[in-house]
Amino acid sequence: MTKFKHLLSILLSSLFALVCFQGMAQKTQIDKVIEKAEALSHFKFLASDELKGRDPERPEIDIAAYYIANQFEKYGANPLTTLNAYYQYIPFVSSSPPTVGDLKWKGSRFKHGENLLVLGGKDLSGEYEMVVAGYGFEEDYANKEVKGKWVVVRVGAPNRLTPTALFKAGREKLAIAKSKGAVGLIEMYNVPTTPWRMLVNYLNKSQLTLDIDPENNDNLPYLWMKDLKGEIIKSIAAGKNEMSIKIEGKRNKKIQGRNVIAVIEGTDPQLKNEYVMLSAHYDHLGVTKPNAEGDSIYNGARDNAVGTAALIQAANYFGENPPKRSILLCAWTAEEKGLLGSSYFAENPPLPLKNIVFNLNIDNGGYNDTSLVTIIGLGRSSVDHHISAAAKDFGLKAIADPSPEQGLYDRSDNVSFAKKGIPAPTFSLGFTAFDAEIGKYYHQVSDQVDNFDLDYAFKYWKAYILSAVKIANDPKKPLWKSGDKYEEAARSLYGSGY
């Protein structure tokens, strides 16, 4: 027995040494491939003034997309055969507020920017009948005739009350109302967690939304009405339901967005059919009024040129060193407009979502500790040890979300895939709190490369790549930690064997 224990000890020690050797070899190879000047050149270009803040509604966003696609191709990442070269095209509608938005009902007047928001659709005026239809989903239209009428519904759904969920539900309801022949859709807003005045400040400006009917230029008017106590919708349902409305000056312009997608095939005959998705959004806030220094460009170095540059570095490394699983590289557009690019991919996947076993996303507000990487979602999947080990190999420490009250996990592109069941943390720059240091740059024109610690950026990129290497080579499939709120979605996606 003693001899057996001795042999077992030798075997385990040898195995541990082999794992350590492999880990050091991977680190050494990353050090060899990722050259600092080249890596920084991508970062500097993406955050340059010439791209005008990478606004999805400006033409410069297409230059950024073209650049990313060219780098993917240069480094050996291939386009998916189901897409148009490296692009997944997305139909958007860009809209501006109306000059006039008035609704009168039962002696009351509702005015755009006060107790009414005209979020989409065309100009119109006239008198119409209103029909209340629950939350506005298919089952709510039973025994209701809405053709030529306005449909009035409750906003969101009982389990869909985050801002992102509200807008997504609204798009679904619009499509249903249009299919029923409705003239327009009004959602009655009564969500206590997001104040109405905050919504007015945010939404009473130019908006970008997914085009629910790209082939049709006859857009259905879409309104939110303030009804915090739910009294108005009850009154409409119970009594007089005719109203007059006038909308003028509403601008709607169809534009084409694009996600940039590439793939590097894995080396293992079986595991290459599984994909580790590496993602980051490449858009930002565009241009604003000049500040006191004359700067008007949201360069978005931290948010999120540094993440997009990481995807390009990953293409560089994996193009030369493909792992066992395939690598899916995804640069999302319109994250700042409501996660639109990643949401579109999740709903219109160019490959089966069940083949994507993990998503390591990047998004950032900034950093206040260059000894750390902050992993939004650390502690929720079975591959935490890989991420922590990769960070350590480059002199960094991986920590979990220090500000859970901010709800960051459900505010970035990773959530588009977590909801589908795919384990999906976000690999962020190191921060210990949302403090003044973060606020100095977050969504500010001051977020530039020239005030970024470039040595830290270099280590951050390498730690991200090594994390992906370890996950993509692990024969064990990544899993949610037992009891996670997205675990049931994973069972639905991956099947009974999950």
Side-chain angles (χ1 to χ4, degrees), residues 56 88 90 156-172 191 193-194 202 208-210 257 259 261 275-283 303-304 307-308 311 328 330-349 353-354 356-365 374-384 387 400-429 431 434 442 464 471 478-481 483-494:
Q88 181 185 40
I90 307 172
N159 59 343
R160 301 171 66 177
L161 294 177
T162 66
T164 300
L166 292 180
F167 288 120
K168 184 177 179 182
R171 293 193 292 271
E172 295 171 18
V191 181
T193 52
T194 306
Y202 178 71
L208 188 71
T209 58
L210 290 174
N259 291 325
I261 313 294
Y275 295 79
V276 172
M277 181 166 69
L278 307 181
S279 64
H281 75 89
Y282 70 97
D283 66 296
D303 185 15
N304 188 32
T308 311
L311 293 187
L328 186 64
C330 298
W332 310 123
T333 189
E335 185 272 350
E336 300 288 0
K337 303 293 185 178
L339 317 182
L340 298 184
S342 60
S343 295
Y344 186 85
F345 184 101
E347 297 300 328
N348 304 273
L353 285 181
K354 66 180 180 180
I356 302 173
V357 298
F358 193 76
N359 172 212
L360 190 58
N361 184 54
I362 288 186
D363 196 7
N364 288 291
T374 299
I375 313 302
I376 310 301
L378 193 71
R380 297 180 66 170
S381 80
S382 62
V383 297
D384 290 344
I387 297 172
D401 182 2
S403 303
E405 73 283 355
Q406 295 280 339
L408 296 177
Y409 191 93
D410 292 329
R411 285 171 51 187
S412 189
D413 290 306
N414 61 295
V415 76
S416 297
F417 303 97
K419 289 177 179 178
K420 297 293 185 181
I422 300 169
T426 291
F427 194 98
S428 294
L429 298 165
F431 70 94
F434 257 73
Y442 179 58
Y464 177 74
I471 295 165
L479 302 173
W480 291 100
K481 289 289 181 70
D484 194 278
K485 71 176 183 177
Y486 294 120
E487 186 182 25
E488 190 57 40
R491 290 196 182 97
S492 298
L493 178 65
Y494 299 119

Exercise for the section: To the nearest 0.5 Å, tell me how far Arg380 CZ sits from Asp484 CG. Expected result: 4.0 Å
Problem - Beyond-backbone contact of Leu311 with Tyr464, side-chain heavy atoms, under 4.5 angstrom - result: yes
Handout entry: Phe358 and Pro425, any side-chain heavy atoms less than 4.5 Å apart
Key = yes
Handout entry: Distance (rounded to the nearest 0.5 Å) between His281 NE2 and Asp303 CG
Key = 4.0 Å
Exercise for the section: Would you check if the side chain of Asn364 reaches a backbone N or O of Gly307 as a donor-acceptor pair within less than 3.5 Å? Expected result: no
Exercise for the section: Give the C-alpha distance, both sets of side-chain angles, the deciding distance and a yes or no for side-chain contact (heavy atoms from CB on, under 4.5 Å) between Val415 and Tyr486. Expected result: CA-CA 10 Å; Val415 76; Tyr486 294 120; 3.6 Å; yes
Practice task
Look at atom NZ of Lys354 and say whether more than 12 heavy atoms of other residues, nucleotides or ligands are closer to it than 6.0 Å.
Solution key: no
Handout entry: Audit row: Leu210, Tyr344, side-chain contact (heavy atoms from CB on, under 4.5 Å) steps and yes/no
Key = CA-CA 8 Å; Leu210 290 174; Tyr344 186 85; 4.1 Å; yes
Handout entry: Donor-acceptor pair, side chain of Ser428 and main chain of Asp363, under 3.5 angstrom
Key = yes
Handout entry: Backbone of Met277 reached by a side-chain donor or acceptor of Asn359 within 3.5 Å
Key = yes
Handout entry: Side chain Asp384, main chain Gly379, donor-acceptor under 3.5 Å
Key = yes
Practice task
Run the salt-bridge test on Arg171 and Glu347 with the 4.0 Å N-O cut-off and return the result as yes or no.
Solution key: no
Handout entry: Interatomic distance, Ile375 atom CD1 to Ile387 atom CD1 [nearest 0.5 angstrom]
Key = 5.5 Å
Exercise for the section: Give a yes-or-no answer on whether the side chains of Asn259 and Thr333 include a donor-acceptor pair shorter than 3.5 Å. Expected result: no
Exercise for the section: Measure across Ile261 and Gln88 and return the closest heavy-atom pair with its distance rounded to 0.1 Å. Expected result: CG1-CB, 4.4 Å
Completion exercise
d(Thr308 OG1, Tyr282 OH) to nearest 0.5 Å is 9.0 Å
Practice task
For residues Ala346 and Leu353, report the shortest heavy-atom separation together with the two atoms involved.
Solution key: O-CD1, 3.5 Å
Problem - Approximate separation, where rounding is to 0.5 Å, of Ser279 OG and Phe345 CZ - result: 9.5 Å
Practice task
Compare every heavy atom of Phe427 with every heavy atom of Leu360, then report the nearest pair and how far apart it is.
Solution key: CD1-CB, 4.3 Å
Practice task
Would you please test Thr193 and Leu161 for side-chain contact (heavy atoms from CB on, under 4.5 Å) and show each step?
Solution key: CA-CA 9 Å; Thr193 52; Leu161 294 177; 5.6 Å; no
Problem - Thr426 side chain to Asn414 side chain, donor-acceptor N/O pair below 3.5 angstrom - result: yes
Problem - Distance in Å, Asn304 CG paired with Asn361 CG, rounded so as to fall on 0.5 Å steps - result: 7.5 Å
Handout entry: Side-chain heavy atoms of Ser343 within contact of Lys168, under 4.5 Å
Key = no
Exercise for the section: Start with the C-alpha gap between Thr162 and Asp410, add the side-chain angles, then the distance that decides, and say whether side-chain contact (heavy atoms from CB on, under 4.5 Å) holds. Expected result: CA-CA 9 Å; Thr162 66; Asp410 292 329; 5.8 Å; no
Practice task
Identify the two heavy atoms, one from Leu166 and one from Gly156, that lie closest to each other, and give their separation to 0.1 Å.
Solution key: CD2-CA, 3.5 Å
Problem - Tyr409 side-chain N/O to Ala424 backbone N/O, donor-acceptor pair under 3.5 Å - result: yes
Problem - With sequence neighbours excluded, residues passing ring-ring contact (aromatic ring centres under 6.0 Å, His included) with Phe434 - result: Phe431
Practice task
Give a yes or no on whether the backbone of Gly421 and the side-chain of Trp480 come within a donor-acceptor separation of less than 3.5 Å.
Solution key: yes
Fill in the blank from the handout: On a heavy-atom basis, the closest approach of Thr374 and Ala400 is CG2-O, 3.9 Å
Handout entry: Flag, side chain of Asp401 to backbone of Ile376, donor-acceptor distance under 3.5 Å
Key = no
